[in-house]
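What follows is a short report on a single structure.
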Amino acid sequence: TAQRLAEIIGITEKRLNDICHTHFGKTPARLIQNYRIQRALEYHAEMGEENFNCILVGFDNHRRYVTALEKYRSTLKQ
């Protein structure tokens, strides 16, 4: 989570949000989610449909993964 990341690097969550917005135009949570989706797409390509499981990239259920994937793809089209 963004809170955990902020703790690890030794800054406040608000400061982390400010940095992410300034440099990437996104919240830390959105950046983390996008990274997870990118990794999921890589794993899916490497492992194939039958062996891939969304739990590998931190999604606790398939529906959440699909929703996040659709949102990610829609931001790429913009």
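Excluded from the calculations below are hydrogen atoms, water molecules and symmetry mates; all remaining heavy atoms, backbone and side chain alike, are included.
T75 is not listed as a side-chain neighbour of R30, based on a closest heavy-atom distance of 4.5 Å or more.
Here the shortest heavy-atom pairing between E13 and A2 reads OE2-CB, 4.0 Å. Contact record, P28 with L16: CG-CG, 3.7 Å, taken as the closest heavy-atom pair. Closest of all the heavy-atom pairs between A68 and Q33 is CB-NE2, 3.0 Å. The two residues R36 and V57 make their nearest non-hydrogen contact at NE-O, 2.9 Å. A40 and F52 make their closest contact through O-CE1, 3.5 Å (heavy atoms, listed as atom of the first residue, atom of the second, distance). Contact detail for R63 and N61: the closest heavy-atom pair is N-OD1, 3.1 Å.
In the hydrophobic clustering of ILVMFWY residues, with side-chain heavy atoms under 4.5 Å counting as a link, F24 and I32 come out apart. In this structure, L56 is not a member of the same hydrophobic cluster as Y35, with clusters built from ILVMFWY side-chain heavy atoms closer than 4.5 Å. Note: the hydrophobic cluster containing I11 also contains L5 (ILVMFWY, side chain heavy atoms under 4.5 Å, direct or indirect links).
Distance check, rounded to the nearest 0.5 Å: CD1 of I37 to CZ of F59 gives 4.0 Å. We find the NE2-CG distance between H44 and N51 to be 10.0 Å, quoted to the nearest 0.5 Å. In this structure, L41 CG and Q38 CD are separated by 8.0 Å, a value rounded to the nearest 0.5 Å. Separating the CD atom in E70 from the OH atom in Y65 is a distance of 10.5 Å, to the nearest 0.5 Å. Once rounded to the nearest 0.5 Å, the distance linking CZ of R64 with CG of L69 reads 15.5 Å.
For R39, the salt bridge (charged side-chain N to carboxylate O under 4.0 Å, His left out) test picks out E42, with sequence neighbours left out.
Exactly one of R15, K14, H21 qualifies for a side chain to side chain donor-acceptor pair (under 3.5 Å) with D18. That residue is K14.
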